[in-house]
Amino acid sequence: APAPAAPTGGGLDDFLSGPAPAAAAPAAPQAAVSSIDDIFGAPSVGTGTPAFGPEKGLDAQQIEDTKRKYRALMTAEKGVLFEDAGLQVGMKAEIIGPNGRVTLFFGNKDATASIDRLSATVNHVNGAKVAANQVAPTVQPKSQVQMYLNVESQNVFVEQIKLTLAYEQKQQRYKFDLDIPLLFTRFVEPLRMVSNEAFFATWRNTTCTPNPPESVVFKTAAPIDVAANAQLLQNGFRLFIMRGVDNNNDNMVACGQFISKSLPPIPVLINVESNLNARAIRLTVKTPNPALAKAFQPILRQALGEHA
């Protein structure tokens, strides 16, 4: 069976573009493994009994920081998910059709102390199949290890994928949850329209519940940047932007389709009407799947800058 990938060294800030190679250590004999869950083996039991303080979770500032990083990664392919003085957790997501692959990077920022007894587990999510390999239990100083999540979109899933992380460093135990920003929106592909007439026909022929589709009006926290919103919908949410459908250049329509393993592609039609002077947006999401419509709208509102 293959041995686990060795921890890599180099600057942690550029882990997503590939770390510099670390000096190789003599490899210990590897026991045979039977499944992906034990390809990295189990943590060895130390002989000493160090004194540990109480187990630590995230404090209020760290919770707010991880929320901010989560929001940024909702529409980005890679970035930092968590960071403190000793540990940096990075993420890179790749999506093809109904299949997604998330690489998690666990980087030890400390120059002298290792991270030990590292474990990372993910929860069960209805509507998605999530499989993860077991992360290596030790991260040497100024090195990193990786973990892979394979996610299959099987239906419209609205539950949050959570990572439960536990480890020890400098005689301190840590345990906390991190939300993985891999939502159903990652499995939306552009739905290209050949003409405005084709869009209007699709809009008319797309039945939805409720009918007519619900619109929501919300204020934005900052001045509305129409061009930036168009880029967000196109690049962040993988939607096809229709030009010239609305005579008002401050408004836009976008088209996509949700891809899953068990359902045919589900069209998602979005209308964004902007009032720049009032800093207000009217958002309409039209799709035949009520669960998809209900879940998509608040995510778009947050991404478009709704005032908290």
Side-chain angles (χ1 to χ4, degrees), residues 13 16 60-83 90-93 95 158 160 179-193 196 199-200 202-203 208 210 212-258 267-287 292-308:
D13 290 335
L16 293 171
Q61 182 177 347
Q62 289 175 318
I63 291 172
E64 288 304 310
D65 185 58
T66 55
K67 287 181 179 179
R68 179 180 56 81
K69 287 179 168 60
Y70 176 91
R71 289 192 295 267
L73 277 169
M74 280 178 58
T75 54
E77 292 182 354
K78 59 184 179 180
V80 175
L81 187 61
F82 169 81
E83 187 167 16
M91 173 187 137
K92 182 178 181 180
I95 309 295
V158 297
Q160 177 65 64
D179 289 344
I180 303 297
L182 192 80
L183 305 176
F184 68 92
T185 53
R186 296 271 190 173
F187 298 91
V188 172
E189 294 182 350
L191 178 59
R192 301 185 182 277
M193 301 286 179
N196 291 348
F199 169 79
F200 287 122
T202 303
W203 183 275
C208 60
E214 288 184 352
S215 296
V216 60
V217 177
F218 59 90
K219 293 278 190 176
T220 60
I224 297 171
D225 187 332
V226 175
N229 285 346
Q231 288 295 314
L232 176 70
L233 294 179
Q234 179 174 299
N235 300 326
F237 288 97
R238 306 171 72 189
L239 298 168
F240 179 69
I241 304 297
M242 291 290 296
R243 308 290 181 182
V245 174
D246 195 312
N247 292 329
N248 185 341
N249 291 329
D250 294 337
N251 301 336
M252 72 183 84
V253 296
C255 315
Q257 53 186 357
F258 172 74
V268 182
L269 307 177
I270 295 168
N271 187 19
V272 180
E273 303 168 88
S274 302
N275 186 324
L276 304 189
N277 293 330
R279 280 167 54 166
I281 289 176
R282 183 195 302 274
L283 174 66
T284 306
V285 178
K286 189 173 187 181
T287 174
L292 190 60
K294 183 178 180 180
F296 219 137
Q297 195 179 82
I299 293 173
L300 287 172
R301 287 165 58 179
Q302 183 183 70
L304 292 170
E306 181 178 19
H307 194 287

Quick check against the 3.5 Å criterion: does [X] have a side-chain atom that pairs as donor or acceptor with the backbone of [Y]?
X      : Y      : answer
Asn271 : Leu283 : no
Gln297 : Val285 : no
Thr185 : Phe237 : no
Asn229 : Ile224 : no
Arg279 : Ala221 : yes
Arg71  : Gln302 : no
Thr220 : Ala222 : yes
Thr66  : Phe82  : no

Checklist entry - Taking only residues two or more places apart in sequence or in another chain, which ones pass salt bridge (charged side-chain N to carboxylate O under 4.0 Å, His left out) with Asp65? => result Arg68, Lys69
Rounded distance [0.5 Å steps], [atom1] in [X] versus [atom2] in [Y]:
X      : Y      : atom1 : atom2 : answer
Leu276 : Ile281 : CG    : CD1   : 9.0 Å
Ile95  : Arg238 : CD1   : CZ    : 6.5 Å
Thr284 : Leu269 : OG1   : CG    : 11.0 Å
Thr202 : Lys286 : OG1   : NZ    : 10.0 Å
Ile241 : Gln231 : CD1   : CD    : 8.5 Å
Tyr70  : Asp179 : OH    : CG    : 5.5 Å

Looking only at heavy atoms, which two atoms of [X] and [Y] are closest? And how far apart?
X      : Y      : answer
Leu233 : Met252 : CD1-SD, 3.6 Å
Cys255 : Met242 : SG-CG, 3.8 Å
Ser215 : Arg282 : CB-CG, 4.1 Å
Ser274 : Asn251 : N-OD1, 2.9 Å
Gln257 : Pro190 : NE2-O, 4.1 Å
Ala303 : Leu232 : O-CD2, 3.3 Å

Checklist entry - Looking at side-chain heavy atoms only, is the closest gap between Asn196 and Arg243 below 4.5 Å? => result no
Checklist entry - Should Ile180 and Leu81 count as side-chain neighbours, where that means a heavy-atom distance under 4.5 Å? => result yes
Checklist entry - For Phe240, what residues pass the ring pair (Phe, Tyr, Trp, His ring centres under 6.0 Å) criterion, not counting sequence neighbours? => result none
Item to check | Verdict with reasoning, Ile63 to Gln61, per side-chain contact (heavy atoms from CB on, under 4.5 Å) | outcome: CA-CA 5 Å; Ile63 291 172; Gln61 182 177 347; over 6 Å; no
Next on the checklist: Does Leu292 form a side-chain contact (heavy atoms from CB on, under 4.5 Å) with Val268? I'd like the steps, not just the answer.
Outcome noted: CA-CA 8 Å; Leu292 190 60; Val268 182; 3.5 Å; yes
Item to check | Intermediate values then yes/no, side-chain contact (heavy atoms from CB on, under 4.5 Å), Leu239 and Val188 | outcome: CA-CA 7 Å; Leu239 298 168; Val188 172; 3.8 Å; yes
Checklist entry - Should the heavy atoms of other residues, nucleotides or ligands under 6.0 Å from CD of Glu77 be counted, would the total exceed 12? => result no
Checklist entry - Can you list the steps and then say if Trp203 with Val245 is a side-chain contact (heavy atoms from CB on, under 4.5 Å)? => result CA-CA 12 Å; Trp203 183 275; Val245 174; over 6 Å; no
Next on the checklist: If you apply the rule ring pair (Phe, Tyr, Trp, His ring centres under 6.0 Å), what do you find for Phe296 with Phe184, and how did you get there?
Outcome noted: CA-CA 9 Å; Phe296 219 137; Phe184 68 92; 5.6 Å; yes
